[in-house]
Amino acid sequence: MKKILNFIKGSADYVSMVNSGAGILPDYATKEQFTSGKAIDSGKDAAESEELWGLFANDMPQNILTRVYNFKLKGIILAGDESPVMIENLRRSLVPDIVPEIEIVKRSLDDITTL
């Protein structure tokens, strides 16, 4: 079963990351995010939980890369004005160096309510 984590800033169910406080280090996810209702059900460990997907809109590629790595996302839903070139560059940056494979889906924000 897929669970979608909302990484669109300003959303009511936005999943934030902890600011590293250093310009040379990326933000990171805390253990609490993986044991709270926002990410993974607390009764399961990461291996037994749902397949995590991330929802993004008009975000910078480096933010998407960081969240794919930190949250071990299996898929990405892009719901902004991402260009085909940006999507292809994102895929080439992720596979195979960060993840062996990943699904990337392009949708409009209006279509997201049907997920």
Side-chain angles (χ1 to χ4, degrees):
M1 181 175 192
K2 294 178 186 173
K3 179 161 186 159
I4 299 172
L5 302 179
N6 188 343
F7 295 111
I8 300 174
K9 290 184 182 179
S11 299
D13 55 349
Y14 174 72
V15 178
S16 63
M17 293 183 54
V18 177
N19 188 334
S20 67
I24 60 171
L25 297 174
D27 295 345
Y28 58 92
T30 63
K31 183 177 180 183
E32 289 78 27
Q33 288 172 301
F34 286 104
T35 58
S36 73
K38 278 190 168 182
I40 299 175
D41 293 338
S42 58
K44 302 176 181 179
D45 61 20
E48 299 176 59
S49 67
E50 296 104 343
E51 183 177 283
L52 295 178
W53 281 58
L55 174 61
F56 301 90
N58 302 321
D59 209 340
M60 294 186 298
Q62 58 266 36
N63 290 339
I64 298 171
L65 293 170
T66 300
R67 283 160 176 78
V68 167
Y69 179 80
N70 286 344
F71 288 94
K72 298 174 179 41
L73 300 178
K74 301 294 183 193
I76 300 169
I77 302 169
L78 300 173
D81 298 322
E82 297 85 7
S83 70
V85 171
M86 181 272 201
I87 295 169
E88 186 57 31
N89 287 341
L90 182 63
R91 182 183 307 280
R92 288 175 188 233
S93 297
L94 287 166
V95 179
D97 297 329
I98 297 174
V99 292
E101 60 183 42
I102 194 161
E103 288 186 61
I104 300 176
V105 176
K106 178 72 174 107
R107 296 240 174 131
S108 71
L109 272 176
D110 296 333
D111 293 338
I112 300 304
T113 57
T114 62
L115 293 177

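We're numbering straight along the sequence, starting at 1.
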Trainee: Can you name the nearest heavy-atom pair linking Phe71 to Leu52, along with the distance?
Mentor: O-CD1, 3.5 Å

Trainee: The test is side chain to side chain contact (heavy atoms under 4.5 Å, CB included); show your working for Ile76 and Glu103 and say whether it passes.
Mentor: CA-CA 6 Å; Ile76 300 169; Glu103 288 186 61; over 6 Å; no

Trainee: Say you draw a straight line from CG of Asp59 to CZ of Arg67; how long is it, rounded to the nearest 0.5 Å?
Mentor: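 Answer for the CG-CZ pair, Asp59 versus Arg67, is 6.0 Å.
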
Trainee: Minimum heavy-atom separation for Asn58 to Glu82, with atom names?
Mentor: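 Looking at all heavy atoms of both residues, the shortest contact is N-OE2, 2.9 Å.
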
Trainee: Write down the atom of Pro61, the atom of Met86, and the distance for their closest heavy-atom approach.
Mentor: CG-CE, 4.0 Å

Trainee: Of all the heavy-atom pairs spanning Leu65 and Ser93, show the shortest one and how long it is.
Mentor: CD2-CB, 3.9 Å

Trainee: For side chain to side chain contact (heavy atoms under 4.5 Å, CB included), just list the numbers for Phe56 and Asn63, CA-CA rounded to whole Å, side-chain angles, deciding distance to a tenth of an Å, and then say yes or no.
Mentor: CA-CA 10 Å; Phe56 301 90; Asn63 290 339; 5.9 Å; no

Trainee: Can you tell me how far CZ of Arg91 sits from CD1 of Ile87, rounded to the nearest 0.5 angstrom?
Mentor: 8.5 Å

Trainee: I want to check something: taking the side chain as every heavy atom from C-beta on, are Leu73 and Phe7 in contact at a cut-off of under 4.5 Å?
Mentor: yes

Trainee: Report the distance from atom CG of Leu90 to atom CD1 of Ile104, rounding to the nearest 0.5 Å.
Mentor: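 One finds 4.5 Å between CG of Leu90 and CD1 of Ile104.
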
Trainee: Using atom types as modelled and distance alone, determine if a side-chain donor or acceptor of Lys72 lies under 3.5 Å from a backbone N or O of Glu51.
Mentor: no

Trainee: Give the minimum heavy-atom separation between Lys106 and Asp81, together with the two atoms involved.
Mentor: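 What the structure gives for the nearest pair is NZ-N, 4.3 Å.
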
Trainee: Compare every heavy atom of Ala79 with every heavy atom of Leu55, then report the nearest pair and how far apart it is.
Mentor: CD1-CB, 4.0 Å

Trainee: If you round to the nearest 0.5 Å, how far is OG of Ser108 from CG of Leu78?
Mentor: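 Here the interatomic distance stands at 12.5 Å.
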
